[in-house]
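So you know, we letter chains A, B, ... as the sequences are listed, proteins then strands, and number each from 1.
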There are 2 protein chains.
Amino acid sequence: MATVKLELGDKMLDLVARRFRLLGDATRLRILQCLEPGEQSVGEITLRLSGNQPNISKHLQALYDAGLLSRRRDGNSIFYSIADTTIFELCDLVCHSATKSVRTNYSELIGRARKRR
Amino acid sequence: MATVKLELGDKMLDLVARRFRLLGDATRLRILQCLEPGEQSVGEITLRLSGNQPNISKHLQALYDAGLLSRRRDGNSIFYSIADTTIFELCDLVCHSATKSVRTNYSELIGRARKRR
DNA sequence: GACGTATTACACCATATGGGAATATAGTTG
DNA sequence: CAACTATATTCCCATATGGTGTAATACGTC
């Protein structure tokens, strides 16, 4: 029952794929992770992730466009915050699923080379 | 609630990003959608998605390597099936979040327009 | 106006996707 | 064994997408 209909139209399928791709970048995940405790300005995020401002800004824009973040201006700083907390549920699910069933390429990333098969 | 540990190591972060990217492709989502009712052979999947066989096979291999699919040989056909049903929960979450964010974006666009101009 | 902050524009590079074709492997059948 | 089928694998290529950095531009404050 909880297993849900993937009977989606092609446009919806593309939408979902695009959103997954949006989350499929380590920098953006780090940004979300950085924002999880509370709102942060672009400068603060840039410092914490030790990236350059335009790059961080671009990722923030992408996340904002997708509706995952909201922003607020205070002075000449802009503070971003999480707008859609389901991303954490998503990450949680993926973490469990990923650590549970991992084969070839992934195992060496984690460092546990289990020989199966 | 469900505030989840996103305090992950960089390796884990890459792993999660990689898995999101794996799901961030329309063809692979279509494959999963195709397998949702039950196992299918490579040939059947290839026909239903009207793709070429090496391409479908490649995607199937990727999904298999990630542990999302399992496979079984019967005669000289190989039947793939869903091994990790959490992907459907994931898709469900993303669907809801995506459709919701459309509204959010819309209203924020209106708000921004009012505020600025 | 100058300064600080954030976004946009542009070019560069890496990745990955799809296609095609050819080949390899495994199982079946004659 | 040989021929056939289904799948996997590999290589090459063309291309698209996306991430990153540098420079330029907008926005807001003083």
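- Using a 4.0 Å heavy-atom distance criterion, N52(A) is classed as a base contact.
- Residue Y80(A) has no polar side-chain atom (N or O) positioned under 4.0 Å from OP1 or OP2 of dT5(C).
- The shortest side-chain heavy-atom distance between L90(B) and F20(A) falls under the 4.5 Å cut-off.
- Taking CG from L32(B) and CG from L69(B), the interatomic distance works out to 6.0 Å, rounded to the nearest 0.5 Å.
- Atom CD of Q61(A) is separated from atom C1' of dA9(C) by 14 Å (rounded to the nearest Å).
- The interatomic distance linking R71(A) (CZ) with dC27(D) (P) rounds to 12 Å, in whole Å.
- Residue R28(B) is classed as a sugar-phosphate contact, given heavy-atom separations below 4.0 Å to backbone atoms only.
- Qualifying salt bridge (charged side-chain N to carboxylate O under 4.0 Å, His left out) partners for R72(B), counting only residues two or more places apart in sequence or in other chains: E39(B).
- Each of R73(B) and E44(A) was matched to the nucleotide of DNA chain C holding its nearest heavy atom; the match closer to the 5' end belongs to E44(A).
- Across the protein-nucleic acid pair, K58(A) atom NZ and dT5(C) atom C1' stand 20 Å apart, rounded to whole Å.
- Between N76(B) atom CG and dT25(C) atom C1' there is a gap of 12 Å when expressed in whole angstrom units.
- Atom CG in L49(B) sits about 16 Å away from atom C1' in dT17(C), given to the nearest Å.
- Contact annotation for Q53(B): base contact, defined as any heavy-atom pair under 4.0 Å involving a base atom.
- Looking at R71(B) and S81(B), their side chains never bring a donor and an acceptor atom within 3.5 Å of each other.
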